[in-house]
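Heads up, the thing below is written out as C-alpha cells.
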Protein chains: 2
Amino acid sequence: MSGSGNEELILDRLIHEPGRLAILTVLSSVKAADFVFLQRATRLTKGNLSSHLSKLEEAGLVEIEKTFVHKKPKTSVTLTAVGRERIAHHWDQLERLRNFSEESIQEPVQE
Amino acid sequence: MSGSGNEELILDRLIHEPGRLAILTVLSSVKAADFVFLQRATRLTKGNLSSHLSKLEEAGLVEIEKTFVHKKPKTSVTLTAVGRERIAHHWDQLERLRNFSEESIQEPVQE
DNA sequence: CAAACTGGTCTGTGTCGCAAACCATACGTT
DNA sequence: AACGTATGGTTTGCGACACAGACCAGTTTG
C-alpha cells in the first residue's frame, strides 16, 4: 500500500558531510581538478581537504593522480563512475527528503 | 571582486545533520508533531530523536511542549519562526551549492 | 647555506551521533 | 498486591571523525 516512501531515505554520511559534498559537487562539474583549485573552491584547509580526499579515494568515489609538473607535486582529482553516480543519487535523495513532506503525512497530531 | 559567490556557502552542521534535517523538514510541513509521529517519520531511534530534539530546542529552532494526554506523556514539537527560516535557508544553500558548479568555475586543470 | 614558499600529509583533540540501558507511569492478569 | 508488559521518553558510554595546526619534502630566491 506504499504507506510511506521513506524507508530508503538514507543520507550517506560519507557523502553528506559538507566538505565532501562540496568536493564532490565541484568535481561533478569540472571533471578534473587539482588540489589547490579544490582548496580554493571549497574553502577547506589543506589538512582537511587532504583527509577528505583520502576518504573519498578509499571509498572509490574519486581517483587521485599524483604527478610532478615543473618539478612541483601536483595532485589531480577526478570523479570515478561510481562517484558520479553516488553524488547524483545523493542529490536525488535530498530532493526526495525535501518533497517528502507532502507525500506521506498521515497523522501529524491527532487530538 | 565577485570572482566567486561561494564565500557564504556555509552549511550549518546543526541543521545539515541527516537526522535533524529530516526532523526539521518534516516539521516544516506539518506545523506540529508529536514524538511518536516524528520517530516514525524520521526512522530515528527514541534516544536519537530525543537528543536531536534537545539540541534543536537549545538552538531555538523548535519548541517542545510536554503535556499529558490520557495520563500518558505527550511531547509536541513545533518549529519556531527562526527554525522555519533557518531550514528554508538551508535548502537554499544546498541548492546554491548544487548550482555552484556552473557559476564560478575558473581554472579546473590548466595544463 | 639559509630563509621562505609551495604542496601536501600526519597527529591531537574535542565534538558528536548512535544505540543500548535505564526510568516512570499505566494497564492487564492472577 | 505483586508481576509482567507496553508506552514514552531521557541519560550514558563509546567509537568515529572533522578540524586545524604541526610537520615534512622539495624548490626557488638572496
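Being a predicted model, the structure only gives us computed values, none of them experimental.
- Annotation: side chain of A:Thr75 is not in contact with side chain of A:Thr67 (no heavy-atom distance under 4.5 Å).
- Between the C1' atom of C:dC18 and the CD1 atom of B:Ile23 lies a distance of 13 Å, rounded to the nearest Å.
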Determine all donor-acceptor pairs shorter than 3.5 Å in which one atom belongs to a side chain in residues 10-18 of chain A; sequence neighbours excluded.
{"unit_1": "A:Asp12", "atom_1": "OD1", "unit_2": "A:Leu14", "atom_2": "N", "d": "2.9"}
{"unit_1": "A:Asp12", "atom_1": "OD2", "unit_2": "A:Arg86", "atom_2": "NH2", "d": "2.5"}
{"unit_1": "A:Arg13", "atom_1": "NH2", "unit_2": "B:Glu17", "atom_2": "OE1", "d": "2.6"}
{"unit_1": "A:Arg13", "atom_1": "NH2", "unit_2": "B:Glu17", "atom_2": "OE2", "d": "2.5"}
{"unit_1": "A:His16", "atom_1": "ND1", "unit_2": "A:His90", "atom_2": "NE2", "d": "3.0"}
{"unit_1": "A:His16", "atom_1": "NE2", "unit_2": "B:His16", "atom_2": "O", "d": "2.7"}
{"unit_1": "A:His16", "atom_1": "NE2", "unit_2": "B:His16", "atom_2": "NE2", "d": "3.1"}
{"unit_1": "A:Glu17", "atom_1": "OE1", "unit_2": "B:Arg13", "atom_2": "NH2", "d": "2.6"}
{"unit_1": "A:Glu17", "atom_1": "OE2", "unit_2": "A:Gly19", "atom_2": "N", "d": "3.4"}
{"unit_1": "A:Glu17", "atom_1": "OE2", "unit_2": "B:Arg13", "atom_2": "NH2", "d": "2.5"}

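- One finds a side-chain N or O of B:Arg20 lying less than 4.0 angstrom from the OP1 or OP2 phosphate oxygen of C:dG17.
- Counting to the nearest Å, the P atom of C:dT6 and the CZ atom of A:Phe37 are 19 Å from each other.
- Contact annotation: B:Arg13 does not reach the phosphate of C:dT15 (side-chain N/O to OP1 or OP2, under 4.0 Å).
- Hydrophobic clustering (ILVMFWY, side-chain heavy atoms < 4.5 Å, transitive): B:Val36 and B:Leu49 are in distinct clusters.
- Regarding A:Lys71, its NZ atom lies at a distance of 18 Å from the P atom of C:dG8, rounded to whole Å.
- No hydrogens or angles were tested; on distance alone, a donor-acceptor pair under 3.5 Å links the side chain of A:Lys46 to the base of C:dG8.
- Around the CD atom of B:Glu63, the shell of radius 6.0 Å holds no more than 12 heavy atoms that belong to other residues, nucleotides or ligands.
- Here A:Ser51 lies out of heavy-atom contact (under 4.0 Å) with every strand.
- Judged by distance alone, the side chain of A:Thr42 and the main-chain N or O of A:Leu38 form a donor-acceptor pair under 3.5 Å.
- Minimum interatomic distance between A:Thr25 and A:Ser28 (heavy atoms only, all atoms of both residues): O-OG, 2.7 Å.
- Among C:dC16, C:dC18, C:dG8, the nucleotide with an atom closest to any side-chain atom of B:Lys55 is C:dC16.
- Across residues 56-68 of chain A, A:Lys66 each have a non-hydrogen atom less than 4.0 Å from an atom of DNA chain C (numbered order).
- Interatomic distance, CD of A:Glu57 versus CD of A:Glu65, reported as 11.0 Å (0.5 Å rounding).
- The distance from atom CG of A:Leu53 to atom P of C:dC10 is 13 Å, rounded to the nearest whole Å.
- As judged by a 4.0 angstrom heavy-atom cut-off over every strand, B:Gln39 is placed among residues making no nucleic acid contact.
- Without hydrogens or angle criteria, B:Asn48 side chain to B:Leu44 main chain gives no donor-acceptor distance under 3.5 Å.
- Distances were taken from every side-chain heavy atom of A:Val36 (C-beta onward) to each of C:dA26, C:dG8, C:dG17; the shortest belongs to C:dG8.
- Minimum interatomic distance between A:Thr78 and A:Ala32 (heavy atoms only, all atoms of both residues): CG2-CB, 3.6 Å.
- Taking a heavy-atom distance under 4.0 Å as the criterion, the stretch of DNA chain D touched by chain A extends 5' to 3' from D:dC17 to D:dT27.
- In this structure, CG of A:Asn48 is placed 13 Å from P of C:dT9, rounded to the nearest angstrom.
- Atom P of nucleotide C:dG8 and atom NE2 of A:His52 are separated by 17 Å, given to the nearest angstrom.
- Residue contacts shown for B:Ser54 are absent, as no nucleic acid heavy atom lies under 4.0 Å away.
- Along DNA chain D, the nucleotide nearest A:Lys72 and the nucleotide nearest B:Pro73 are compared for position; the residue whose nucleotide lies closer to the 5' end is B:Pro73.
- Between A:Lys46 and A:Phe35, the shortest heavy-atom contact is O-CZ, 3.6 Å.
- B:Asp12 places its CG atom 14 Å from the C1' atom of C:dC16, with the value rounded to the nearest Å.
- Taking atom CZ on A:Arg40 and atom C1' on C:dT6, their separation rounds to 11 Å, with Å as the unit.
- Side-chain N/O atoms of B:Thr45 include none lying less than 4.0 angstrom from OP1 or OP2 on C:dC18.
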